[in-house]
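What follows is a single structure, and I will ask about it in a moment.
For clarity, every value in this text was computed on a predicted model and none was experimentally measured. Heavy-atom basis, side chains included; hydrogens, waters and symmetry copies ignored. Sequence lines set the chain letters: A, B, ... in the order given, protein chains first and strands last, and positions in each chain run from 1.
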Number of protein chains: 2
Amino acid sequence: MAATPPAHLSPRKKPRQARAAMTLDAIFEATIQVLLAEGLHRLTTTRVAERAGVSVGTMYQYFPNKQSLLYALNERYLDIVAEKVEKTCRGKHGATTAEMVQALVDAYWQAKTERRDVTRALYRSAVELDNEALIEAFAQRVDAATIAMLASASDGSYVDLHLVNTTLLAVIFGTVRNVFERNLTASMEADIRSQLTTMCLSYLKAASADRAAR
Amino acid sequence: MAATPPAHLSPRKKPRQARAAMTLDAIFEATIQVLLAEGLHRLTTTRVAERAGVSVGTMYQYFPNKQSLLYALNERYLDIVAEKVEKTCRGKHGATTAEMVQALVDAYWQAKTERRDVTRALYRSAVELDNEALIEAFAQRVDAATIAMLASASDGSYVDLHLVNTTLLAVIFGTVRNVFERNLTASMEADIRSQLTTMCLSYLKAASADRAAR
DNA sequence: CCTCAAAGCGAAGAATTCTTCATATATTGG
DNA sequence: CCAATATATGAAGAATTCTTCGCTTTGAGG
């Protein structure tokens with residue numbers, strides 16, 4: 001991942017002492033909190049520093065500007081999610097399609113739901129960010145993982161695995177985000193999650209049936 | 001729609017003369033352009049006014065603040081999209097499920113794609129906006145339309161129409177947005193669109209089969 | 001314990017932004 | 001043609017925000 005961020009978004013330096021690492025953690029956490037409590041347009045360097053319990057100057061020691069802070073935050077988060085998905089995919093090599101889809105939806109949903117506040121904060125932060133490259137890198141990483149998994153399925157293969165895979169991911173990612181943006185009850189959410197799995201499964205069945213028919 | 005916006009987001013007054021109506025149009029259009037050309041964080045009242053060829057004061061004659069401008073813009077747009085979906089749904093009453101899904105996906109995709117620049121601009125503008133109510137109103141309006149349509153299907157019914165419907169919408173809306181956020185080739189996009197239709201269809205088939213099995 | 005590098009500080013300048021209001025111009029109905 | 005009303009103007013004050021830099025404090029290795 002980490003498609004080497006453009007210079008103006010790269011961190012200035014990495015922490016060398018334990019103290020500095022804690023400071024960085026505090027800054028990231030503070031960023032999320034401010035994002036949630038005040039929104040993107042009230043996310044100021046001063047406020048973040050204050051909340052983190054450090055001075056603004058400290059923040060600028062690590063990041064050349066506000067954007068780079070948000071960039072780093074997104075990078076960190078996407079990395080975690082990507083890793084979870086990759087791990088899940090590796091764990092399901094050779095399994096049945098049904099197991100794979102189930103696991104994939106669960107893993108992604110879980111990763112996003114674990115700390116839904118953070119997820120929401122990051123969806124917001126990303127808007128005003130030149131992070132297409134970041135998203136793209138994330139997408140490709142996940143793509144590779146899921147393709148490898150699906151290709152190893154014990155119970156079916158697809159004419160256009162690439163297309164099927166891309167579709168699957170677009171649908172899963174998109175649906176999760178959409179659900180996040182609405183204010184549904186927990187049970188409604190759980191229901192949709194399960195329906196989403198059903199939907200993906202029936203799609204894959206149809207897609208391989210398609211193949212058989214040709 | 002239009003769940004009466006909170007006071008601080010309501011327009012100050014409506015245009016009474018043709019001149020004023022043109023001014024408003026210019027302001028909205030300028031807002032979109034600035035959003036696209038500069039991004040949300042550079043969307044300032046001054047810049048919008050300048051681009052619209054009016055003075056800032058004029059803008060403040062109609063909107064009490066910047067937020068209310070964005071709110072009104074979103075309202076206007078969501079209204080158009082909702083109307084298109086409603087019209088499509090009315091047109092498919094009594095049709096087959098397959099026709100309905102096809103039409104729904106097409107209508108929504110089309111509405112969002114017609115001016116993809118505008119769509120993108122609005123996705124951005126909405127982030128920093130207290131527009132949950134707006135989204136909710138939109139969702140309910142579309143919900144009602146699609147439920148009514150599906151309930152009239154000539155070839156199937158569902159145990160939990162409500163859930164099926166909500167899922168369908170979450171998936172369609174989410175997928176469209178996700179596709180928008182990536183930079184896919186036109187043909188890849190078209191492919192996904194068609195796959196999405198397939199997926200929705202196979203889901204509905206599975207959902208009604210479920211019913212039959214109980 | 002001492003020195004050098006790492007980390008932290010925060011007041012303050014430069015820039016940007018929102019919003020108002022006193023004033024000026026345009027339109028319309030009588 | 002003349003009020004009365006609707007529109008439009010834009011300079012300027014108040015507020016907010018980003019970022020720097022000279023200085024202090026802390027930590028680690030010798």
Side-chain angles (χ1 to χ4, degrees), chain A residues 7-31 34-35 37-73 124-125 127-130, chain B residues 7-31 34-35 37-73 124-125 127-130:
Chain A
H8 62 113
L9 291 179
S10 295
R12 274 190 162 138
K13 66 176 185 190
K14 291 191 162 185
R16 305 192 173 246
Q17 301 177 3
R19 182 173 45 143
M22 301 215 50
T23 299
L24 263 185
D25 282 346
I27 289 175
F28 281 132
E29 183 59 30
T31 305
V34 172
L35 228 27
E38 318 250 6
L40 181 59
H41 72 128
R42 301 211 60 197
L43 181 94
T44 69
T45 51
T46 316
R47 252 190 281 269
V48 168
E50 195 181 16
R51 192 123 184 180
V54 301
S55 88
V56 226
T58 297
M59 215 215 72
Y60 277 92
Q61 204 120 45
Y62 299 100
F63 306 101
N65 50 55
K66 200 175 87 169
Q67 275 222 326
S68 73
L69 166 65
L70 291 178
Y71 191 94
L73 186 65
R124 290 186 190 179
S125 82
V127 170
E128 213 32 61
L129 195 52
D130 183 15
Chain B
H8 63 112
L9 291 179
S10 296
R12 276 190 160 138
K13 66 177 183 189
K14 291 192 163 185
R16 303 189 177 249
Q17 301 177 2
R19 181 171 50 139
M22 301 213 51
T23 299
L24 263 186
D25 282 346
I27 290 175
F28 281 131
E29 184 59 31
T31 305
V34 173
L35 229 27
E38 319 250 6
L40 181 59
H41 72 130
R42 302 211 61 199
L43 182 92
T44 69
T45 51
T46 316
R47 252 190 280 271
V48 168
E50 195 179 16
R51 192 123 185 181
V54 302
S55 87
V56 227
T58 298
M59 215 216 71
Y60 276 92
Q61 203 120 48
Y62 298 100
F63 305 101
N65 50 55
K66 199 174 88 167
Q67 275 221 327
S68 72
L69 166 65
L70 291 177
Y71 192 94
L73 186 66
R124 288 185 190 181
S125 81
V127 168
E128 213 32 60
L129 195 51
D130 182 17

Does R47(B) place a side-chain N or O at less than 4.0 Å from the phosphate oxygens OP1/OP2 of dT17(C)? yes
Side chain of Q17(A) only, heavy atoms from C-beta on: which candidate in dT7(D), dG8(C), dA6(C) is closest? dA6(C)
For a quick test of reading the model: is some side-chain N or O of K14(B) closer than 4.0 Å to OP1 or OP2 of dA6(D)?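 Looking at the OP1 and OP2 atoms of dA6(D), neither is under 4.0 Å from any side-chain N or O of K14(B).
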When we call it a touch if two heavy atoms are under 4.0 Å apart, what does R16(A) touch: a base, just sugar-phosphate, or nothing? sugar-phosphate
OP1 or OP2 of dT17(C) sitting under 4.0 Å from any side-chain N/O of T46(B)? no
Across the strands shown, which category fits F63(B) at heavy-atom distances under 4.0 angstrom: base, sugar-phosphate, nothing? nothing
Return the value, rounded to whole Å, for the distance between atom CE of M59(A) and atom C1' of dC9(C).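 My rounded result for the distance is 14 Å.
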Give one of base, sugar-phosphate or nothing for T45(A), where a contact means two heavy atoms less than 4.0 Å apart.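 Base contact.
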Which of these nucleotides, dT19(D), dA6(C), dA8(D), is closest to any side-chain atom of K66(A)?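 Selected nucleotide (nearest to the side chain): dT19(D).
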Roughly how many Å is it from CD in Q61(A) to C1' in dA7(C), rounded to a whole number?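 Roughly 6 Å, once rounded to whole Å.
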Is any side-chain nitrogen or oxygen of R12(A) closer than 4.0 Å to OP1 or OP2 of dT20(D)?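 Looking at the OP1 and OP2 atoms of dT20(D), one of them is under 4.0 Å from a side-chain N or O of R12(A).
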DNA chain D: V54(B) or N65(A), which has the more 5' nearest nucleotide?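 Result of the comparison: V54(B).
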Side-chain N or O of T58(A) versus OP1/OP2 of dC9(C): is the shortest distance under 4.0 Å? yes
Using a cut-off of strictly less than 4.0 Å, decide whether T23(A) has a side-chain nitrogen or oxygen near OP1 or OP2 of dA7(C). no
Please report the shortest heavy-atom distance between R124(B) and L35(B), naming the atom on each side.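 The answer is NH1-O, 3.6 Å.
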Counting neighbours of CZ on R12(A) that are heavy atoms of other residues, nucleotides or ligands and sit closer than 6.0 Å, is the number greater than 12?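 Yes.
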May I ask you to evaluate whether S55(B) reaches the phosphate of dA8(D), defined as a side-chain N or O under 4.0 Å from OP1 or OP2? no
Consider the side chain of T44(A), meaning its heavy atoms from C-beta on, and name the nucleotide among dT17(D), dG27(D), dT17(C) that approaches it most closely.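 The answer is dT17(D), which lies nearest to the side chain.
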Could you tell me whether the phosphate oxygens of dT9(D), OP1 or OP2, come under 4.0 Å of any side-chain nitrogen or oxygen in Y60(B)?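 Indeed not, no polar side-chain atom of Y60(B) lies that close.
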Return whichever of R19(B) or A20(A) has its heavy-atom-nearest nucleotide of DNA chain C closer to the 5' end.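 Per heavy-atom nearest nucleotide, the more 5' residue is A20(A).
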Closest approach of R42(A) and V34(A), non-hydrogen atoms and distance?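 So the two residues come closest at O-CG1, 4.0 Å.
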Send over the distance from L69(A) CG to dC18(D) C1', rounded to a whole Å.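 So the two atoms are 13 Å apart, to the nearest Å.
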